[in-house]
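Before any comments, here is the structure.
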Amino acid sequence: MDEIQLDEFQVDEFQDEVRFAADCQTRLGLDLLSGTWTGVVLWTLRNGPLRPRELQDRIGGISHKVLNETLRRLEQNGLVTRRRYAEAPPRVEYGLTGPGRGMLEPLFALSRWTEQYADEVLDAQERALTGR
């Protein structure tokens with residue numbers, strides 16, 4: 001069997017331990033990252049807490065409703081915290097938790113993969129649509 005080198009560990013060393021069955025814990029991470037805006041919101045929070053409007057301005061192209069839904073889902077999954085300040089008018093900030101910060105590494109790896117393979121994937125999608 002071919003060996004796949006992934007930075008500091010080799011996949012063949014763990015092939016019997018890593019399983020991608022329907023009930024495996026690895027699937028949890030994949031499910032958490034499957035939301036359209038999840039990775040973008042997490043990455044935007046990497047430098048510290050932000051207010052919802054600041055997030056929306058930095059991200060661009062995300063509606064207030066979708067941002068709120070995404071933040072709510074991230075909070076429910078323990079990836080971000082919501083901090084409400086007792087001020088008038090009320091102020092709310094969102095920041096990464098430990099698990100949320102831990103998602104930055106796979107997001108960066110996915111970014112590197114995308115830079116390397118996006119053109120090939122887009123070409124394959126185009127061929128599938130056009131039948132060529």
Pair His64-Gln56, side chain to side chain contact (heavy atoms under 4.5 Å, CB included): steps then yes or no: CA-CA 7 Å; His64 178 74; Gln56 193 173 12; 4.1 Å; yes

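- Annotation: Tyr117, atom OH; neighbour count of heavy atoms from other residues, nucleotides and ligands within 6.0 Å does not exceed 12.
- Hydrophobic clustering keeps Leu42 apart from Leu30 (ILVMFWY residues linked when any side-chain heavy atoms are closer than 4.5 Å, directly or through intermediates).
- Put simply, the side chain of Trp37 reaches to within 4.5 Å of the side chain of Val66, judged on heavy atoms.
- You'll find the side chain of Val41 reaches within 4.5 Å of the side chain of Leu74, heavy atoms only.
- Connection of Ile62 to Leu33 is established within a shared hydrophobic cluster, with ILVMFWY side chains joined at heavy-atom distances below 4.5 Å, either directly or through further cluster members.
- Arg83 CZ: 12 or fewer foreign heavy atoms inside a 6.0 Å radius.
- Looking at Leu32 and Thr38, their side chains never come closer than 4.5 Å, going by heavy atoms from C-beta outward.
- Hydrophobic clustering (side-chain heavy atoms under 4.5 Å, transitive across Ile, Leu, Val, Met, Phe, Trp, Tyr) groups Phe108 together with Leu96.
- Counting all heavy atoms, side chain and backbone alike, Pro49 lies closest to Glu93 at CB-OE1, 3.8 Å.
- Here the closest heavy-atom approach between residue Met103 and residue Gly29 is recorded as CE-O, 3.9 Å.
- Arg73 places a side-chain heavy atom less than 4.5 Å from the side chain of Thr70.
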Side chain to side chain contact (heavy atoms under 4.5 Å, CB included) between Leu104 and Trp43, intermediate numbers included: CA-CA 7 Å; Leu104 297 176; Trp43 190 257; 3.7 Å; yes

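- Residue Leu110 is not grouped with residue Leu45 when hydrophobic side chains (ILVMFWY) are merged at heavy-atom distances under 4.5 angstrom, including chains of intermediate members.
- Checked by atom type and distance alone, the side chain of Ser111 never pairs as donor or acceptor with a backbone atom of Leu107 at under 3.5 Å.
- Residues Asp57 and Arg53 are paired through a salt bridge, judged by an N-O separation under 4.0 Å between the basic side chain and the carboxylate.
- Across all their heavy atoms, Pro52 and Leu67 have their closest contact at O-CD2, 3.3 Å.
- Counting only N and O atoms by type, the side chains of Tyr94 and Glu75 include no donor and acceptor under 3.5 Å apart.
- Glu54 and Arg58 are not joined by a salt bridge, as no carboxylate oxygen comes within less than 4.0 angstrom of a charged side-chain nitrogen.
- Side-chain N or O atoms of Arg101 include one that pairs as donor or acceptor with a backbone N or O of Arg46 at under 3.5 Å.
- For Leu71 against Val80, the heavy-atom pair with the smallest separation is O-CG2, 3.9 Å.
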